[in-house]
Asks: 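Here you go, one structure.
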Amino acid sequence: MTESTDAAATPAPEKTPTENGATETPQEETPEKSTEEKKDETPPPKEMRAVVLTGFGGLKTVKILKKPEPTVGEGEVLIRVKACGLNFQDLIVRQGAIDSPPKTPFILGFECAGEIEQVGENVTNFKVGDQVVALPEYRAWAELVSVPAQYVYALPEGMSALDAVAITTNYVVAYLLLFEMANLTPGKSLLVHSAGGGVGQAVAQLAKTVENVTVFGVCSKSKHEALKTNNNNIDHLLERGSDYTSEVRKVTPDGVDIVLDCLCGEECNRGYSLLKPMGRYILYGSSNIVTGETKSFFSAARAWWQVDKVSPIKLFDENKSLAGLNLRHLLFQHGRGDTVRRAVHSVFTLWAQGKVKPIVDSTWALEDVGEAMQKMHDRKNIGKLVLDPSLEPKPKPATPAKGKSGKEKKPAKESSEEKKDKEGKDDEKKPAENGDKNGEEPPSNGNSDEESKEKEKESS
């Protein structure tokens, strides 16, 4: 008899009875099932903080939420954001007063700067580690953002991310207004509204790079002293809400060559009336429609109704021009990215030469974006408002507890009986306290001798 060299046979799978009495063998696990289980075990996507608009309206609709980190697509770069720019356009978006807004919720912001972490396919002009500023259509106010390379601009050496967001949008708009549209040349005069804001300050600085240019600036009276202290780029400061047209004509009876208006409404008529022959009025905003925290159809209608409808025949007779500039449309609807890139390069060159310097009003944590928006809405900023994702939010003041009626809780008043009981207890405590102070022992309860005798018996 020979010994078998075959390996022990594996036991057959047990058969399980079925309803009709037959038996069936359990199905073996297939490789497909194991791969499905592995897919289920994959870790969730990484998350980042972002400023999200949850619905159009007031400040309460703006929230800091965790969102999945974006992935870089073809022709895009992924940027680790170090600073974000706040512009008046963001307030208009929050209210839903902008044209063709995306559906909520979405990430806010049109301007950010930082460092490139990834580069998508077919991107040849950027590499990982480049310091850049970007002008995406929304999604800028987050820790990470993926942006098409055509809207990304390399920073010159020495420019920080904070300076980049303070200079790019504001100074590019100002540059296009003055040199591409208004044809500013030596000896001309101009009037700019919101002179204390980011674009107003950029206009004043860039205008002074041209010889013998006179600048009139209109802004709130409360900003005049600070503007005089910070710089001397504005020759004549005028109070917003006053009859500034008369003040301008006291200086130059013929009016001005250029009017730059970001308000709209009745300011359009005043600005047009100030133009000299061959003068040009340019509208680059409509902040007068933002009167409250939420969208107002009445304000928008009033702003439209207050504007005189100027016919081409009137422009022909008076030798005047009307124009408009919308940077967002120029980039994303009209496809003039090359025009914007040339303006960015010119502005960065002037910065490198020390001819312009952005003014930063204040820097805020992402969590404090509501306060920053309110400051801009109240026209209290002088220069740029910047968001910094690395900053810690301001500590919130402790709120006192409230009762059912919503009012703060107050300590309950003691009744007359409670007062008497309290006074009686205080009187009982006084003799004991006096005894302790005089070195006397407190009175015993009379049971101490008996307890000592019992203890002696137990011990014996």
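Basis for what follows: all heavy atoms, side chains included, without hydrogens, waters or symmetry-related copies. The structure presented is a predicted model; accordingly, all values stated were derived computationally and were not measured.
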Asks: Going by the rule salt bridge (charged side-chain N to carboxylate O under 4.0 Å, His left out), which residues pair with K82 if we only count those two or more places apart in sequence or in a different chain?
Replies: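 Per chain and number, K82 pairs via salt bridge (charged side-chain N to carboxylate O under 4.0 Å, His left out) with E115.
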Asks: Could you check whether K394 pairs with E367 (Lys NZ or Arg NE/NH1/NH2 to Asp/Glu carboxylate O, under 4.0 Å)?
Replies: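 A salt bridge is absent here (no side-chain N lies under 4.0 Å from a carboxylate O).
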Asks: Of all heavy-atom pairs between H224 and L237, which one has the smallest distance, and what is that distance?
Replies: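 Nearest pair, atom of H224 first, then L237: O-CD1, 3.7 Å.
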Asks: Only pairs at least two apart or in different chains count here, so list each ring pair (Phe, Tyr, Trp, His ring centres under 6.0 Å) that has a residue in residues 192-216.
Replies: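 Matches after skipping sequence neighbours: H193-Y244, F216-H236.
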Asks: Quick one: side chain to side chain contact (heavy atoms under 4.5 Å, CB included) partners of P156, sequence neighbours excluded?
Replies: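 Only M159, F348, W351 meet the side chain to side chain contact (heavy atoms under 4.5 Å, CB included) criterion with P156.
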Asks: Hey, can you pull the donor-acceptor pairs under 3.5 Å for the side chains in residues 251-259, sequence neighbours left out?
Replies:
from, atom 1, to, atom 2, distance (Å)
T252, OG1, G255, O, 2.9
D257, OD2, S189, N, 2.9
D257, OD2, S189, OG, 3.3

Asks: Show your reasoning for whether side chain to side chain donor-acceptor pair (under 3.5 Å) applies to N122 and E74.
Replies: CA-CA 7 Å; N122 300 325; E74 183 179 357; 2.3 Å; yes
Asks: Once you measure the plane-to-plane angle for H334 and H329, does it fall in the parallel (<30°), tilted (30-60°) or perpendicular (>60°) bin?
Replies: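 Rings of H334 and H329: perpendicular, over 60°.
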Asks: Pairs in or reaching into residues 207-218: which pass salt bridge (charged side-chain N to carboxylate O under 4.0 Å, His left out), with residues at least two apart or in two chains?
Replies: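 Salt bridge (charged side-chain N to carboxylate O under 4.0 Å, His left out) check on residues 207-218 returns K208-D235.
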Asks: Below 4.0 angstrom, N of the basic side chain to O of the carboxylate: do E239 and K221 qualify?
Replies: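 Salt bridge between E239 and K221, a charged N being under 4.0 Å from a carboxylate O: no.
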Asks: Could you list the residues that satisfy salt bridge (charged side-chain N to carboxylate O under 4.0 Å, His left out) with K103, not counting sequence neighbours?
Replies: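 K103 satisfies salt bridge (charged side-chain N to carboxylate O under 4.0 Å, His left out) with no residue once adjacent residues are dropped.
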Asks: Output all residues satisfying side chain to side chain contact (heavy atoms under 4.5 Å, CB included) with D361, sequence neighbours left out; order by chain, then residue number.
Replies: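 K375, N381, I382, L385.
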Asks: Out of T104, D90, I107, which one pairs with L53 under the side-chain contact (heavy atoms from CB on, under 4.5 Å) rule?
Replies: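 Filter result, single survivor: T104.
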Asks: Measure the spacing between CG of L263 and CG of L283 and express it to the nearest 0.5 Å.
Replies: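 If I round to the nearest 0.5 Å, the distance is 9.0 Å.
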Asks: Only counting residues at least two apart or in another chain, list the ones meeting side chain to side chain contact (heavy atoms under 4.5 Å, CB included) with I98.
Replies: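 Residues passing side chain to side chain contact (heavy atoms under 4.5 Å, CB included) with I98: Q89, I92, V93, P101, Y138, R328.
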Asks: Distance under 6.0 Å and angle within 45° of the ring axis: does K320 meet both against Y272?
Replies: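 Yes, a cation-pi geometry holds between K320 and Y272.
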Asks: Among residues at least two apart in sequence or on other chains, which ones pass salt bridge (charged side-chain N to carboxylate O under 4.0 Å, His left out) with D163?
Replies: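 Testing D163 for salt bridge (charged side-chain N to carboxylate O under 4.0 Å, His left out), a comparison that skips the adjacent residues, returns none.
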Asks: Of all residues at least two apart in sequence or in a different chain, which pass the side chain to side chain contact (heavy atoms under 4.5 Å, CB included) check with E225?
Replies: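 E225 satisfies side chain to side chain contact (heavy atoms under 4.5 Å, CB included) with T229 only.
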Asks: Tell me, please, which residues at least two apart from K66 pass salt bridge (charged side-chain N to carboxylate O under 4.0 Å, His left out).
Replies: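 Result, salt bridge (charged side-chain N to carboxylate O under 4.0 Å, His left out) vs K66: none returned.
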Asks: Tell me the side-chain hydrogen bond (donor to acceptor under 3.5 Å, both in side chains) pairs involving residues 148-158, sequence neighbours left out?
Replies: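 Of all non-adjacent pairs touching residues 148-158, none passes side-chain hydrogen bond (donor to acceptor under 3.5 Å, both in side chains).
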